[in-house]
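Report on the following structure.
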Amino acid sequence: MFFNSINIFGSRTEMARLPFATDIHCHVLPGVDHGAKDGEMACHLLEYQKKWGIDRVIFTPHVTENVYPNDNMTISRAFVEFMNQYRDQLPDMKEFGYSAEYRLDANFKAQINEDKLLPLPSNRLLVEMPFAADPGAEIIDSLLYDIQVKGLTPVLAHPERYLYLHSDDLAGYRRLYEKGIEFQINLLSLAGYHGIEEMKMANRLIDKGMVDYCATDLHHFRHTAAIDGYLSSRRCRPTLKKLADLVKNDKL
């Protein structure tokens, strides 16, 4: 369950391993978004994932209108090129695969209408909402319904990061969860990387049993440092124990 590491203060500590072996959300596939810049960096990031106990990685590049206009072709081509070029440098893991993280925007509406989607295993589809402003329940409900009509289950990435959903009674979260939307929280949020409020909300969702998956959302080495620090801390252990009873990453 644990292995030894050296923390930043020089004393020896035990680093916890994650209660799941499948990372369903990361930006390690190089050259397709603001994650790994090249294949060498991607290989190094994968080494960190392996250290944390991950042996199955699903790359999920952003698909965002105007910013990262990826599609099935750009993502599949990047995956094949990376695997072919860096096969000998990859850490020993059971499986590598690819999907995408879809922003719920106008571009997504077109993609779903044309059946141009890359689902996760088990017909799950990883989606994210805008961060800056609440797009409105009617718009989000319509897009989520369109996903379900296609026989897919929406997985909402990092729900704890949408501050406009935060409330004492969790009403916005409950409304989505009761519609059959699954929630994937970020390990980085639990580490406090995204902010105190995001960390608190991630823990609240865990305590309410409203978490289906946890993932790294790994982009770069600032993220690896944050996750290393969290997994080396005492406070992570009770949280990881709770997660072990909730997450179904390895069932996909």
Side-chain angles (χ1 to χ4, degrees), residues 5 15 17-18 20-103 107-108 111 117-121 124-128 131 155 157-158 161 184-194 198 213-232 249 252:
S5 66
M15 180 178 285
R17 288 170 67 90
L18 296 173
F20 54 87
T22 303
D23 195 356
I24 70 164
H25 179 187
C26 68
H27 299 269
V28 176
L29 187 64
V32 285
D33 59 14
H34 61 159
K37 302 302 181 185
D38 53 40
E40 294 288 342
M41 179 177 179
C43 289
H44 286 305
L45 293 174
L46 287 166
E47 290 288 355
Y48 277 94
Q49 288 170 293
K50 181 176 176 63
K51 179 177 72 170
W52 302 327
I54 292 168
D55 65 9
R56 180 174 175 238
V57 175
I58 303 173
F59 303 118
T60 52
H62 285 290
V63 179
T64 309
E65 187 177 24
N66 299 326
V67 183
Y68 303 110
N70 286 307
D71 57 27
N72 296 16
M73 184 65 70
T74 61
I75 295 172
S76 61
R77 183 171 59 238
F79 178 79
V80 170
E81 290 177 355
F82 173 61
M83 296 302 293
N84 287 340
Q85 185 173 354
Y86 290 91
R87 187 174 304 276
D88 294 339
Q89 299 179 48
L90 295 173
D92 183 20
M93 290 182 169
K94 289 182 179 179
E95 185 180 0
F96 299 96
Y98 63 92
S99 178
E101 180 186 14
Y102 293 93
R103 175 69 62 87
N107 180 56
F108 176 75
Q111 287 184 314
L117 299 173
L118 288 172
L120 292 165
R124 265 55 182 180
L125 194 72
L126 186 67
V127 299
E128 67 171 349
F131 289 104
V155 176
H158 38 64
R161 297 188 63 193
Q184 173 259 300
I185 63 169
N186 274 7
L187 188 60
L188 286 162
S189 295
L190 294 174
Y193 182 88
H194 297 303
E198 290 85 348
Y213 311 95
C214 183
T216 66
D217 196 6
L218 184 62
H219 288 67
H220 43 65
F221 295 118
R222 294 189 301 280
H223 286 172
T224 60
I227 293 173
D228 265 0
Y230 178 65
L231 294 179
S232 296
N249 295 43
L252 292 186

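These numbers were taken from a predicted model, which means no experiment stands behind them.
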| field | Close side-chain approach of Val67 to His34, heavy-atom, < 4.5 Å | value | no
| With no hydrogens and no angle check, is any side-chain donor or acceptor of Asp23 less than 3.5 Å from a backbone partner on Thr216? | yes
| task | Not counting sequence neighbours, which residues clear salt bridge (charged side-chain N to carboxylate O under 4.0 Å, His left out) with Glu95? List them please. | result | Arg56
| field | Parallel, tilted or perpendicular: rings of Tyr68 and His62 (30°, 60°) | value | parallel
| Counting N and O atoms only, with roles assigned by atom type, does the side chain of Asn107 sit under 3.5 Å from a partner on the main chain of Asn66, one being a donor and the other an acceptor? | no
| note | Distance col, row Leu120:CG vs Leu125:CG, nearest 0.5 angstrom, shows 7.0 Å
| request: Could you walk me through whether Leu187 and Leu18 pass side chain to side chain contact (heavy atoms under 4.5 Å, CB included), step by step? | output: CA-CA 10 Å; Leu187 188 60; Leu18 296 173; 3.7 Å; yes
| field | Heavy-atom closest pair, residues Cys214 and Phe20 | value | O-CZ, 3.4 Å
| field | Interatomic distance, Thr64 atom OG1 to Phe108 atom CZ [nearest 0.5 angstrom] | value | 11.5 Å
| Separation between CG of Asn72 and OH of Tyr98, rounded to the nearest 0.5 Å | 8.0 Å
| message | Could you walk me through whether Val32 and Phe82 satisfy the side chain to side chain contact (heavy atoms under 4.5 Å, CB included) test, starting with their C-alpha distance in whole Å, then the side-chain angles of each, then the deciding distance to 0.1 Å, before giving a yes or no? | response | CA-CA 11 Å; Val32 285; Phe82 173 61; over 6 Å; no
| task | Considering non-hydrogen atoms only, spot the tightest contact between Asn70 and Val63 and give its length. | result | O-CG1, 3.4 Å
| field | Atom pair CD (Glu101) and CG (Leu118), whose distance is rounded to the nearest 0.5 Å | value | 13.5 Å
| Least distance between heavy atoms, Leu45 atom then His219 atom | CD1-O, 3.6 Å
| query | Can you check whether Ser99's main-chain N or O pairs, donor with acceptor, with Thr60's side chain at less than 3.5 Å? | reply | no
| message | So does Ala225 get a backbone contact from the side chain of Tyr48, meaning a donor-acceptor N/O pair under 3.5 Å? | response | no
| Audit row: Met41, His220, side chain to side chain contact (heavy atoms under 4.5 Å, CB included) steps and yes/no | CA-CA 8 Å; Met41 179 177 179; His220 43 65; 3.7 Å; yes
| Is Tyr230 close to Leu188 at the side-chain level, that is, under 4.5 Å between some pair of heavy atoms? | no
| field | His25 and His27 aromatic ring geometry - parallel, tilted or perpendicular at 30°/60° bounds | value | perpendicular
| request: Take Cys43 and Leu90 through the side chain to side chain contact (heavy atoms under 4.5 Å, CB included) test and state the conclusion after the steps. | output: CA-CA 6 Å; Cys43 289; Leu90 295 173; 4.0 Å; yes
| request: Check Arg161 against Ser189 and note the closest heavy-atom contact, atom names and distance. | output: CG-OG, 4.0 Å
| field | Parallel, tilted or perpendicular, as decided by the 30° and 60° cut-offs, for the rings of His223 and His194 | value | perpendicular
| field | Check: Thr74 side chain, Asp71 main-chain N or O, donor-acceptor pair, under 3.5 Å | value | yes
| task | Starting at OG1 of Thr22, measure out to CD of Gln49 and round the result to the nearest 0.5 Å. | result | 11.0 Å
| remark: On a heavy-atom basis, the closest approach of Phe59 and Leu29 is CD2-N, 3.6 Å
| Which value, rounded to the nearest 0.5 Å, describes the distance between Glu81 atom CD and Met83 atom CE? | 13.0 Å
| query | Shortest non-hydrogen contact from Arg124 to Val155? | reply | CG-CG2, 3.4 Å
